[in-house]
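Worksheet: the structure to be examined is printed underneath.
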2 protein chains.
Amino acid sequence: MQLKRADIVTAAIALLDAEGLDGLTMRKLGARLGVQAGAIYWHFKDKEALLGAMADRMIGESADPPLAPGTWDAQLTEYATRARRALLAHRDGARVMAGTYVQEQNTVHAGEMGVRILTDAGYPLDRAGWVIFSLMYYVLGYTIEEQAQAQAGDWEDRGIEDTALLSAMSDVVRSDPDERFAYGLGLFMDGVRLRLAEALS
Amino acid sequence: MQLKRADIVTAAIALLDAEGLDGLTMRKLGARLGVQAGAIYWHFKDKEALLGAMADRMIGESADPPLAPGTWDAQLTEYATRARRALLAHRDGARVMAGTYVQEQNTVHAGEMGVRILTDAGYPLDRAGWVIFSLMYYVLGYTIEEQAQAQAGDWEDRGIEDTALLSAMSDVVRSDPDERFAYGLGLFMDGVRLRLAEALS
DNA sequence: ACCTGAACACCGTTCAAGT
DNA sequence: ACCTGAACACCGTTCAAGT
């Protein structure tokens with residue numbers, strides 16, 4: 001059977017899950033596909049292009065089922081939550097996404113979908129994109145750290161003077177991830193709500 | 001003269017600026033310092049530890065002068081803006097920060113400083129850390145993309161159906177970076193403002 | 001058109017040995 | 001304590017040659 005782009009991406013994500021981003025090498029990927037590493041270069045310009053396709057696949061996996069009808073803020077919350085889940089679904093998923101400037105189908109469509117949630121609610125078209133991008137930055141940053149924490153140590157014992165402030169900082173990463181994600185998302189949503197009310201008045 | 005950790009970090013950042021993150025290798029760094037690559041491993045456990053120290057140095061560079069007195073929201077805006085500037089100041093600065101789970105002095109102190117801005121204004125201590133982390137995720141995500149855009153192509157000509165939504169997406173990355181950064185930051189600040197008012201009432 | 005084999009030009013990291 | 005020299009075990013990428 002001949003190698004297809006889609007199969008390479010599937011195998012690459014499986015390899016990512018098994019060995020992490022540092023273990024994702026073209027040689028190991030070739031071995032999984034039963035070809036030489038060089039063969040992959042006939043299908044992808046370079047490793048970065050492959051990583052871009054992997055990121056786009058991950059985003060695509062979170063696209064269906066279509067968002068349930070509802071208020072714009074319920075939809076946007078679900079939208080952001082799905083993006084987080086999509087990145088958490090694969091080892092180092094957030095780092096893969098952050099490391100590549102993705103401009104592929106699923107990613108673009110996901111962006112358009114977000115913009116539509118807002119414009120349907122009456123948000124100005126020329127600012128809806130700004131909101132969606134900002135939201136994605138939050139989601140990306142959050143999940144990068146969430147996945148990094150697994151293999152990181154604690155915040156204490158760093159020879160830094162212990163204060164109420166420091167313990168407030170170290171408590172952050174020990175809090176419930178879902179709850180904390182929702183909290184930051186809520187800050188954001190409040191801002192969107194205010195601007196929407198302004199635009200509609 | 002003997003090698004000091006601080007000198008290694010300084011040289012590493014200079015090399016980063018000159019060649020980018022992909023060009024930052026232990027051998028080239030050694031050459032800049034006039035030592036073998038292996039010598040660096042006496043001072044840093046591995047490359048990741050060095051990258052962490054580099055990230056911490058960058059954060060440190062944005063710490064002074066102390067924030068001017070003023071309202072909490074003016075201070076927090078300045079705080080976030082400085083963080084962005086700190087990452088933009090060095091090539092691939094945001095990617096360096098994102099790639100390492102930094103828990104060093106300057107970074108911790110910067111975090112504490114952010115928390116203090118909020119708690120001084122009356123924000124609950126156990127939520128101030130959540131706010132500051134969320135803010136940093138936004139800043140990090142924003143600057144990662146900002147620095148990635150330099151070497152990326154356009155959003156058009158990808159064989160995707162051209163719609164008003166798509167052009168809204170592609171307009172985003174063409175907008176004024178400072179203005180768009182401030183806009184997303186503003187969404188966030190509104191949420192903080194609302195919760196602060198709640199806490200004070 | 002699609003892949004192999006083999007090479008090129010590198011990497012990060014380790015470690016005996018030197019000073 | 002701090003660094004050299006040299007090796008180990010890899011990398012991403014290219015490209016003539018095969019089918």
| field | C1' atoms of C:dA9 and D:dC10, separation to the nearest Å | value | 13 Å
Kindly check if the number of other-residue, nucleotide or ligand heavy atoms within 6.0 Å of CD (B:Glu48) is above 12? no
Q. Taking the inter-plane angle between the rings of A:Tyr142 and A:Phe181 on a 0 to 90° scale, is it parallel (under 30°), tilted (30 to 60°) or perpendicular (over 60°)?
A. perpendicular
The contact string for nucleotides 4-19 of chain D, one letter per nucleotide 5' to 3', using protein heavy atoms under 4.0 Å with B, S and - for base, sugar-phosphate only and none, comes out as BB-----BBBB-----
B:Thr10-B:Arg57 side chain donor-acceptor pair, cut-off 3.5 Å
yes
Between A:Gln147 and A:Arg95 the two heavy atoms that sit nearest each other are OE1-N, 4.4 Å
One pair to check against salt bridge (charged side-chain N to carboxylate O under 4.0 Å, His left out): A:Arg127 and B:Glu179. What are the steps and the verdict? CA-CA 11 Å; A:Arg127 287 296 173 268; B:Glu179 191 189 348; 3.6 Å; yes
Please determine whether a side-chain nitrogen of the Lys or Arg among A:Asp190 and B:Arg193 lies less than 4.0 Å from a carboxylate oxygen of the Asp or Glu.
no
When rounded to the nearest 0.5 Å, the distance separating CG of B:Leu200 from OH of B:Tyr123 is 10.5 Å
Those stems involving DNA chain D that have three or more consecutive Watson-Crick or G-U pairs, both distances under 3.5 Å, are C:4-8 with D:12-16, C:12-16 with D:4-8
Audit row: B:Tyr137, A:Glu145, side-chain hydrogen bond (donor to acceptor under 3.5 Å, both in side chains) steps and yes/no:
CA-CA 9 Å; B:Tyr137 300 146; A:Glu145 204 210 51; 2.7 Å; yes
Does the side chain of B:His43 get closer than 4.0 angstrom to OP1 or OP2 of D:dC3 through an N or O atom? yes
